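Right, one structure below, let's go through it.
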Amino acid sequence: MHISFTFKNFEPSEHLRKYARRRLEKLGRFLGKNPALDTQVLMTVDKFRQKVEVQIAGEGLAVSASESSEDMYATIDLVLDKLEAQVKKYVSRTKEVHRKARNNADIGVYTYDMAEEAGEDRSITDRDHFSPKPMDPEEAALQLEAKGFEFLVFLNSENERVNVIYRRKDNNYGMIDPII
């Protein structure tokens, strides 16, 4: 985790900088030792008000919090309590999505050999396994458009069911949402 500090309207002590860094590094136990995380800390003093703003951005993560009080150390604690709650929620949500995706991993895709003559038996010529990616229908439509597919199978994050989105002849999208 890369941490950068910005101070406005005061000269920070080395103890304050170490205190904030030590508290921020405790968030690393929830996020792991991901070097791609970028943390920006802005500390401001305006007369009697001490304000701290923290933004953490990285691979799929963007959390921020701000707080103000009369003591800079107390303000750092308050902000980091807010960030810790947000990070815990993010981590539990991603674990839940991965757990549900793992449970739905045995969905098969079949390719049919279309017989040219009527009366010929059709057979399954190919079988493919994949895990559908959890996403909302709007994201699935963007993915379908970007990849140029005719259809896309995905795990709907709104209702937690496997859905199919497809391109219609009128250039709109249709969605199949089976209810089992």
Side-chain angles (χ1 to χ4, degrees), residues 1-105 130-149 152-163 165 173 175:
M1 178 185 309
H2 174 68
I3 303 171
S4 63
F5 291 96
T6 305
F7 302 97
K8 190 173 177 184
N9 299 334
F10 77 104
E11 280 297 317
S13 67
E14 191 60 34
H15 186 264
L16 179 66
R17 193 184 303 248
K18 284 181 182 178
Y19 181 76
R21 182 176 299 278
R22 192 172 53 241
R23 289 280 302 181
L24 282 165
E25 287 173 350
K26 286 186 179 181
L27 287 177
R29 65 183 164 160
F30 300 112
L31 299 170
K33 300 293 181 194
N34 190 349
L37 289 178
D38 185 33
T39 305
Q40 296 176 349
V41 181
L42 172 64
M43 296 183 192
T44 309
V45 175
D46 292 327
K47 293 187 181 181
F48 299 109
R49 189 175 75 161
Q50 317 277 324
K51 184 174 182 182
V52 176
E53 297 176 25
V54 179
Q55 296 178 346
I56 300 174
E59 299 170 358
L61 173 69
V63 293
S64 64
S66 66
E67 193 65 52
S68 62
S69 72
E70 293 181 6
D71 179 35
M72 187 61 79
Y73 291 96
T75 307
I76 291 170
D77 290 339
L78 292 170
V79 165
L80 290 172
D81 289 343
K82 281 184 175 181
L83 285 172
E84 185 176 328
Q86 290 179 27
V87 168
K88 282 181 180 178
K89 184 177 178 182
Y90 169 79
V91 168
S92 67
R93 187 172 49 218
T94 56
K95 282 183 182 178
E96 186 66 27
V97 166
H98 289 298
R99 189 176 303 124
K100 287 180 182 177
R102 217 179 18 242
N103 291 341
N104 295 329
F130 73 101
S131 295
K133 181 181 174 189
M135 59 181 86
D136 59 21
E138 291 80 21
E139 183 181 354
L142 290 172
Q143 195 86 351
L144 180 70
E145 185 68 34
K147 292 188 177 183
F149 294 151
L152 177 71
V153 179
F154 67 99
L155 184 63
N156 191 334
S157 61
E158 294 173 355
N159 59 18
E160 300 171 355
R161 293 193 300 252
V162 175
N163 290 171
I165 190 166
Y173 298 106
M175 190 167 85

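In this text, all values refer to a predicted model and were calculated from it rather than measured experimentally.
Every residue two or more places apart in sequence or in another chain that forms a ring pair (Phe, Tyr, Trp, His ring centres under 6.0 Å) with Tyr73 is listed here: His15, Tyr19. Ser69 pairs by the side-chain hydrogen bond (donor to acceptor under 3.5 Å, both in side chains) definition with Thr75, not counting sequence neighbours. By the salt bridge (Lys or Arg N to Asp or Glu O under 4.0 Å) test, Glu145 is found to be paired with Arg167, residues two or more places apart in sequence or in another chain being considered. Taking Asp136 as the reference, nothing meets the salt bridge (Lys or Arg N to Asp or Glu O under 4.0 Å) condition, with sequence neighbours excluded. With sequence neighbours excluded, no residue forms a salt bridge (Lys or Arg N to Asp or Glu O under 4.0 Å) with Lys89. Residues satisfying the salt bridge (Lys or Arg N to Asp or Glu O under 4.0 Å) criterion with Arg49, sequence neighbours excluded, are Asp46.
Nearest approach of Ala20 to Ile76, heavy atoms of both residues: CB-CD1, 4.0 Å. Scanning all heavy atoms of the two residues, the minimum distance from Gln86 to Ser64 falls at NE2-O, 3.1 Å. Heavy atoms only, all atoms of each residue included: Val79 and Ser66 are closest at CG2-C, 3.9 Å.
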Show, in sequence, the C-alpha distance, side-chain angles and deciding distance for Met72 and Val45, and conclude whether the side-chain contact (heavy atoms from CB on, under 4.5 Å) test is met. CA-CA 9 Å; Met72 187 61 79; Val45 175; 4.0 Å; yes
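A side-chain contact (heavy atoms from CB on, under 4.5 Å) with Val54 is found for one member of Leu42, Thr39, Ile3 and no other, namely Thr39.
Rounded to the nearest 0.5 Å, atoms CE (Met135) and CG (Leu152) are 5.5 Å apart.
In the displayed structure, Glu138 atom CD is contacted under 6.0 Å by more than 12 heavy atoms of other residues, nucleotides or ligands.
Ring orientation note: the planes of Phe10 and Phe7 are nearly perpendicular, at an angle over 60° on the 30°/60° scale.
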